[in-house]
Amino acid sequence: LVVLTLLVAYHQNRALRGSVLVAAILVLGWCMSVGMVPKEVHQSLMSVQIIISLASRLPQIYMNYRRKSTGQLAFLTFFLAFGGACARLLTTFLNVAWEKGKAILLLQFLVTVLLNGIVLLQLLRYRKKPKQN
């Protein structure tokens with residue numbers, strides 16, 4: 001991520017801006033990992049991921065429904081995303097303590113599983129039928 005951000009910034013002649021962004025992200029990540037950020041702020045930041053998931057998938061789901069087509073969406077991509085989210089949901093359920101933010105993590109991964117599952121079902125429902133001769 002660091003290298004990608006710096007490369008994009010460099011090629012857009014914004015190397016200084018990209019370097020400042022990378023530095024800010026690294027400092028924020030470090031502060032969060034050593035416990036300098038209060039638990040409430042950390043959990044609020046974690047809940048933003050739910051909003052991002054909804055904002056990224058709901059328009060796609062609605063558009064697929066409206067068009068009765070999934071266009072060029074790849075089944076494998078959503079199948080792997082669905083499987084990964086299921087694995088994260090299961091491992092969070094089994095391995096994370098409630099006081100470590102289990103509830104918000106479970107909600108995050110459950111939302112992701114449901115949204116990816118809906119897109120998978122749409123991919124199956126709206127797939128093109130083979131032509132019969």
Side-chain angles (χ1 to χ4, degrees):
L1 182 62
V2 171
V3 173
L4 181 62
T5 302
L6 290 174
L7 282 171
V8 168
Y10 175 76
H11 287 290
Q12 292 181 351
N13 296 323
R14 295 182 178 150
L16 179 62
R17 212 181 264 179
S19 300
V20 170
L21 177 64
V22 167
I25 291 171
L26 291 175
V27 168
L28 179 62
W30 178 78
C31 288
M32 291 176 73
S33 68
V34 297
M36 292 177 69
V37 176
K39 184 179 179 181
E40 295 77 23
V41 173
H42 192 257
Q43 287 182 338
S44 296
L45 290 172
M46 288 173 51
S47 5
V48 169
Q49 192 271 337
I50 296 170
I51 296 167
I52 292 170
S53 291
L54 290 169
S56 70
R57 291 288 189 256
L58 286 179
Q60 181 68 58
I61 290 169
Y62 177 69
M63 190 62 64
N64 293 344
Y65 172 76
R66 219 174 93 213
R67 292 184 177 170
K68 303 291 187 229
S69 169
T70 53
Q72 297 297 317
L73 294 180
F75 178 82
L76 183 60
T77 301
F78 282 93
F79 179 74
L80 292 174
F82 177 77
C86 287
R88 286 190 300 272
L89 184 66
L90 179 64
T91 56
T92 300
F93 182 75
L94 296 175
N95 298 328
V96 177
W98 287 104
E99 56 273 1
K100 296 282 186 183
K102 185 176 194 168
I104 192 69
L105 288 171
L106 285 173
L107 184 60
Q108 280 180 350
F109 299 136
L110 181 62
V111 167
T112 305
V113 165
L114 291 174
L115 293 172
N116 286 332
I118 291 170
V119 174
L120 266 180
L121 291 173
Q122 286 182 325
L123 283 163
L124 293 171
R125 171 71 175 100
Y126 301 135
R127 70 176 179 252
K128 293 183 173 133
K129 309 280 189 260
K131 294 181 181 179
Q132 295 179 357
N133 293 329

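For the atom pair OG1 of T112 and CG of L107, the computed distance is 9.0 Å after rounding to the nearest 0.5 Å. Atoms CZ and CG, on F93 and L105 in that order, are 13.5 Å from each other to the nearest 0.5 Å. Rounding to the nearest 0.5 Å places NZ of K102 at 7.5 Å from CG of L94. Between the CD atom in Q122 and the CZ atom in R125 there is a gap of 10.5 Å [rounded to 0.5 Å]. Once rounded to the nearest 0.5 Å, the distance linking CZ of F82 with OG1 of T77 reads 15.0 Å. Going from atom OG of S56 over to atom CG of L115 covers 7.0 Å, rounded to the nearest 0.5 Å.
M46 and V37 are not part of a single hydrophobic cluster, where members link through side-chain heavy atoms under 4.5 Å apart. With hydrophobic clusters built from ILVMFWY side chains whose heavy atoms lie under 4.5 angstrom apart, L16 does not share a cluster with V3. Grouping the Ile, Leu, Val, Met, Phe, Trp and Tyr side chains by contacts below 4.5 angstrom, directly or via other members, places F79 with L114. Both I61 and L124 are members of a single hydrophobic cluster when ILVMFWY side chains are connected at heavy-atom separations under 4.5 Å. Hydrophobic clustering of Ile, Leu, Val, Met, Phe, Trp and Tyr side chains at less than 4.5 Å, counting indirect connections, keeps V41 apart from V34.
By the side chain to side chain donor-acceptor pair (under 3.5 Å) test, Q49 pairs with S53, sequence neighbours left out.
T92 contributes no side-chain N or O that, together with a main-chain N or O of L89, makes up a donor-acceptor pair within less than 3.5 Å. Not a single donor-acceptor pair under 3.5 Å links the side chain of K68 to the backbone N or O of Y126. Not a single donor-acceptor pair under 3.5 Å links the side chain of Q43 to the backbone N or O of G101.
Looking at F78 and L121, their side chains never come closer than 4.5 Å, going by heavy atoms from C-beta outward. Proximity of L54 to L58: side-chain heavy atoms (C-beta onward) are separated by under 4.5 Å at one or more points. Inter-residue side-chain proximity for I118 and R57 is flagged as unmet; no heavy-atom pair is nearer than 4.5 Å.
Summarising the local packing, NZ of K100 is surrounded by 12 or fewer heavy atoms from other residues, nucleotides or ligands at distances under 6.0 Å. The 12-atom threshold is exceeded at CZ of F75, counting heavy atoms of other residues, nucleotides or ligands nearer than 6.0 Å.
Remark: of the listed residues V113, I50, V48, I50 is the sole one forming a side-chain contact (heavy atoms from CB on, under 4.5 Å) with Q108.
Pairing each heavy atom of G71 with each of S69, the nearest pair is N-OG, 3.0 Å.
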CA sep, side-chain torsions, deciding dist, call: V96, L106, side chain to side chain contact (heavy atoms under 4.5 Å, CB included): CA-CA 10 Å; V96 177; L106 285 173; over 6 Å; no
